[in-house]
Structures are given as structure tokens and as C-alpha cells.
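Both backbone and side-chain heavy atoms feed into the values below; hydrogens, waters and symmetry mates do not. Lettering of chains follows the sequences in order, A, B, ..., and the numbering in each one begins at 1.
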2 protein chains.
Amino acid sequence: MTGIEEVAHAAGVSTATVSRALSGRGRLSEATRARVRAAAADLGYVVSAAASTLASGRAENIGVIVPLLDRWFFATVLDGIAAQLAPRGYDMTLYNLTDDPAQRRNLFETSLRRRRVDGLIVLSVELSADELRQLDDLPVPVVGLGVPHAELNGLRVDDTAVGRLATEHLLELGHRDIVHLGWSLPDDAGETLDIPTRRRRGFAQAMTDAGVTAPRFVAADFTVDGARRVARDLLAGPDAPTAIFAASDEMAYGVLSAARELGIELPGRLSVIGVDGHELGSLFDLTTIAQFPHAQGERAGQAVLAALGVDGVPMPSASLPFELVARGSTAPPR
Amino acid sequence: MTGIEEVAHAAGVSTATVSRALSGRGRLSEATRARVRAAAADLGYVVSAAASTLASGRAENIGVIVPLLDRWFFATVLDGIAAQLAPRGYDMTLYNLTDDPAQRRNLFETSLRRRRVDGLIVLSVELSADELRQLDDLPVPVVGLGVPHAELNGLRVDDTAVGRLATEHLLELGHRDIVHLGWSLPDDAGETLDIPTRRRRGFAQAMTDAGVTAPRFVAADFTVDGARRVARDLLAGPDAPTAIFAASDEMAYGVLSAARELGIELPGRLSVIGVDGHELGSLFDLTTIAQFPHAQGERAGQAVLAALGVDGVPMPSASLPFELVARGSTAPPR
DNA sequence: CTGAAAGCGCTTACAG
DNA sequence: CTGAAAGCGCTTACAG
């Protein structure tokens, strides 16, 4: 493959000048710059990433730590990140963080420390104190997105407000008998950034504000099937509510499925609201609190680039937008 | 950050020995290896990716070219790829290939030529002759997955057989009036690996074999909404078929949605079959031809690793499995 | 089995 | 504005 020497020779300059012309760093006469670029294009020369990184300390690569690659939400966030990075010449390297302790240790102790990336984005994962410390020790900026740790400089949605908004929508329609399907830390956990817990607290606050004394909460895991099972029991039982606030759209799908199975018609006998703004929501006619994962990804991308001092990228605000999308799955109770 | 010299000093050996101990290349006494590893762990030393790559020519990184990051199918394939790469110490760098000509040129002419990756996986994209040549010129193995170019060494499903299988399922149920919703190159395009075209040809073959003279084909784009619009017209018209074979599950969802809107009940008045094995298929009770994207990703990962000669990774077979999953959306016509 | 040293292909501080 | 040269931090062919 052609090297920088050949380009220097072809353009009649030194390799230092070639480097400057191609990177755009340092002053250079326009004429020289143009001549070098032409020569490089001619020879099909592209700077070697490894050599450039070693010499400059810049990798032009951002690492992204993702818990689940195959969830719509995360995939869409990734798309948003990529949309910000690619035009600025940054590559994106993915690190899948599983629950396997050995894999996690390997990621934090080895993979991330190879200096392959200039910055890191961490998506919605729960980290141990040790892992947080290891992230902090890395010599690169780290941006969290939906990460429940105040120690990590991050972007987040006000999830308490999300929980409150969803609940208020149901309350305004006239529902009183509402069940929240989600997940939560114990009440004595204190102030927390844990997303499901905050959604549940927003729910509890809104219900209490509306004068409902014992807001009903049912735990389920964050999957279609988990929610379906739990909702089936709930809806078939004697205490079936008139409305369900599911902590995610995929959980809401599970509820819809259980309702269909039991012949419970929506929104006549049951209202359902989810959270996320899932792409198939309109297909199910599902009311939801949209939270724009693509835009979230873009912001996270901007945040790392801004932290790296990339020209023309301002640091975005840390607070992420959300919005009620009212559709046909919610209506006043009969 | 600690360098190799410090480890060498701590272990009382040369940097050459440290390199050998940590990479596992070259012979070394077990005692020395252990001593060096202990020293490295002690100091928290990790080899610099850039330096190692520059010196060795190995990046331990695989590039993946994806058309759409936020489609379930591709996200799941990525997950499968990552599952193969990570345990072997390979990172995965994503390259999003859009339709924007400038972005494409930049990807092929610059990004991919930086020598950042040891191998490349290309997912389901249509490439120009020029782009194919540029891939071929790269000094790394390239594996295609669902790529419609025979020039590219790749893994693929027998899409003609998929189209035939879906159609035969409907025929066996007794349907004759079947519409295929998909996309297709003109019939005079000759032998092709284009996926939608091959599905359509499989459909046409099966119909012809069954004695149906003019198999009905309707073009729609590969989205929920595109299929919904087309299906609405089709199902509301005088020539509504008794069954629809949609070229993807997401298209099938669009058909289901149109049917629901028109009050056409399934599978009584309409049978629907899709292709993919989408994660929400069971929720919709959708009959489909599953094609296991996670396993496809794993195979693609294995294929690059095998091409790189990574120990213990055999080259997987190029032909990918698929399978009829019969659910409630298909039944004999009334 | 182990080490001294060249070399991987760039970038940049320094000098002019 | 441009160049000579040191240096980034490893790996490996060669020698012993």
C-alpha cells in the first residue's frame, strides 16, 4: 500500500508537509496543500490509522458500551450516535456489555484500556462501584446516556416526570384504578437515578396527588413475554384495573396481547399506555411517552465530540426531551 | 499510562519477552510467562492497540458495513457477530452505509482504507461495480451476508427456496388466489442474487407448479407503512385475494394492520405469511419463514475469523438455514 | 528460551 | 511556510 513517502515524493515536499496537508493541522500555503492532496488522491493514499494514532495520540474512534445490541431502543440510539460521528471522520467501536462477570472484567480491565478510542459513550447500564472507578481512570471523556449513576457525567430523561406524565394522562381521562407494571428498587433506596424506579415514583406521586391512597404496582421484567404473563394474571383476576401504565412499550405490547387473548377490548374495558415511542407503536395504536432514542444518540455523540473539543460541536444540554403521544389505546373508562 | 518497559523492568526481562508473554506468540518458558503476566496485571498494563497494530500489522478489529442500524434484523445480526468476536479478543467497528453518494465515496475511499480492521463483513447491501472493486482491493478478507453479488464471497439463504416454501404453505392450505407483496427486478434481469427478486421467483415457480397461470405480484417497499398502504388498496378492492405472502415480517405487519382497519378477520377471510422470524411475530400470531439473524451473524463472524486463520474457527458453510413457523395467521380459505 | 535492535508509518516540536 | 529528525510503543527476525 502506498505510504506517505511516495506522496511526498510525488508532490515534491517532505512527509511533514504531507501530514499537515492531509490532516489540516498547522499552517500551509493553499497551493502546497492542494498539490499534496491531488498527489494523495492520485496515488490512492490514505493515512494509516495505527501509525497516525500512535504518533498523534488521537484514534478518531469512539467506543460505545451497549447492554443489548438487538433491542430497538439501543439500535436506534446507535444509529443516532453514528449519524453524528461519521460526518466528522470518527469511527464507532461497539462493546457489548453482558451480565457475564468474566466478560465484564475483561471489557473493563483489558478491551477499554487498549487506547483504541478517544472517548466513550455508555448506554443504560448499571455499573458496579469498581466499574465506575475503572471508567473514571480511563484517560478519555466518558458520556453516560440513561445511566443511573450520578458519578457519570451523563444525559438523561427526567424519568420521574415521565412516570408522572403517563399517570396524569390516565387520571385526566378519569381513571382511578390504575396499575403500574414495571420494576423498582425498594422505597428506602433513597434518591436514585434508576430509571424504572423513578418511573414508578412519578407514578406514585401523581396518584397520591390525585388522592389515590394506595397506588397499585406490579413487578414484571422488561420484555413482551414477561409483561404478557403478568398482565394475563392481573386481567383475569378479580381486581382487574381499568388502566395499565406499562414501563416500556414492549411491556405494553405484552399487555395488549394478554388483553386480546382474554377478549378484553381496548380502550373500552382497558386503557394502556407505554413508554419509549417504539417504532411499531402506531401499528398497535398504542399511547406512549415518546423519548426519541435517535435524537438521544445524536446528543450523546455530540457530547463526546464536544468533550474532545471537536470544532463546531457545542456541548448539548444534559436533559432529554419526552412527550405524550396519545393514540387509541387510552380513553375514558366506561 | 504504564508502558512495556516498566513491565519488563518489574519482571526482570526484556520488552521482547514481555511482548511474547502477553501475546502468547513465540516459545517462552512457563515460569517466565507467568512472571511477566503477574507483573503486567500488577501494574495494570495493557498493550496499546495502535502500537501493537503498527508493529504487527494486526488490528484485532473487524469492520461491519450495515445499511440500517436500527432495523431489528440487522441489529440482531450484529449481536450475533459480536458474540463470536468478543470472546476471541476482536473488537467490532461499525460502518453505516447510507444512500448518500458522498458518504459512500468517503467510506470506500477513505474510512475502509485506513487499515483499521483485519477483516470486513458486509450486510445486505447493494454495491456498485466500483464499490465491489474497491472492496476487492482491500488487503483484508471480506465476507458478505445476504449480499446480492456473486463476486463477493458470502453467506446466503436460498431465497428462491424461501419464496417457494412460503407459497407452498399457502397452496397446501388450499389457497389459489394468493398475492405476493414484495419487490423485484424485471424478469429479464437474468440469474440474480437479489433477495426480493429471488423470493418473488420462488413464489412464481411454486404457483406455476401448482397450475396457477398468472401469479399475482404487487410491489411495495419493505416497511410496515408502505405495505399497509398497498394492502389497504388491495384488500378494499374487488380483487382481494384469500392469502398474502409478504416478503418480510414487517411488511406482513402492515398487511395485518390494513386488514384490521378494514375489519377483515384473520385467518378466516385472509391468510398472511411473512419472512424473517421477527421477534414480535408470536405477538401478532404471524406465520413466517424464520431465518435466524442471530445465527447468521455468528456464522459471518466465524467466516471472517476463519479467513484470518484464527485458531479453532472452521469456515462455516455458506448456505444459511430457514424454516417455516406456522402460526395463527394462516389457515385454509373459507 | 531470551535479548538487542531495527522497524512499523506516521506527527510534531524545533529550527529556519 | 516548510523540512530534518526524534519519537510514539510496540513486534519480530536474527543471533546466541
Here the gap from A:Asn96 atom CG to B:Asp91 atom CG, rounded to the nearest 0.5 Å, amounts to 12.0 Å

For residues B:Met92 and B:Ile81, report the shortest heavy-atom separation together with the two atoms involved.
SD-CG2, 3.8 Å

DNA chain D: stems of at least 3 consecutive Watson-Crick or G-U pairs whose donor-acceptor distances fall under 3.5 Å
C:1-3 with D:14-16, C:5-12 with D:5-12, C:14-16 with D:1-3

When the C1' atoms of C:dT12 and C:dG16 are compared, how many Å lie between them, rounded to an integer?
16 Å

Name all pairs fulfilling the side chain to side chain donor-acceptor pair (under 3.5 Å) condition that reach into residues 27-41 of chain B, sequence neighbours left out, sorted by first residue then second.
B:Ser29-B:Thr32

Could you tell me whether A:Arg33 contacts a base, only the sugar-phosphate backbone, or nothing, with contacts defined as non-hydrogen atoms closer than 4.0 Å?
nothing

Starting from the 5' end of DNA chain D, give me the residue, A:Ala55 or B:Ser23, whose nearest nucleotide shows up first.
A:Ala55

For B:Arg58, which contact category applies under a 4.0 Å heavy-atom criterion: base, sugar-phosphate, or nothing?
sugar-phosphate

Filter on salt bridge (charged side-chain N to carboxylate O under 4.0 Å, His left out), then keep only pairs touching residues 55-75 of chain B, sequence neighbours left out; what's left?
A:Arg114-B:Glu60, A:Glu279-B:Arg71, B:Arg71-B:Glu250

CD1/B:Ile195 to CG/B:Asp159 distance, rounded to the nearest 0.5 angstrom?
5.0 Å

Report the residue (B:Arg20 or B:Val47) whose heavy-atom-nearest nucleotide on DNA chain D is the more 5′ of the two.
B:Val47

Is there a side-chain contact between A:Leu97 and A:Val122 (heavy atoms, below 4.5 Å)?
no

Range on DNA chain C touched by chain A, heavy atoms, distance below 4.0 Å
C:dG9 to C:dA13

What's A:Leu28 touching, base or sugar-phosphate or nothing? Going by heavy atoms closer than 4.0 Å.
sugar-phosphate

Residue mapping more 5' on DNA chain C - nearest nucleotide basis, B:Val13 or A:Ser48:
B:Val13

Kindly state each residue pair satisfying ring pair (Phe, Tyr, Trp, His ring centres under 6.0 Å) with at least one member in residues 48-78 of chain B, sequence neighbours excluded.
B:Trp72-B:His278

N/O donor to acceptor pairs below 3.5 angstrom from side-chain atoms of residues 300-322 of chain A, sequence neighbours left out:
unit_1   : atom_1 : unit_2   : atom_2 : d
A:Ser317 : OG     : A:Ser319 : N      : 3.2
A:Ser317 : OG     : A:Ser319 : O      : 3.3

Main chain of B:Phe108, side chain of B:Glu131: is a donor-acceptor contact present, judged purely on distance under 3.5 Å?
no

What contact category does A:Thr32 fall into here, base, sugar-phosphate, or nothing, at under 4.0 angstrom with non-hydrogen atoms?
sugar-phosphate

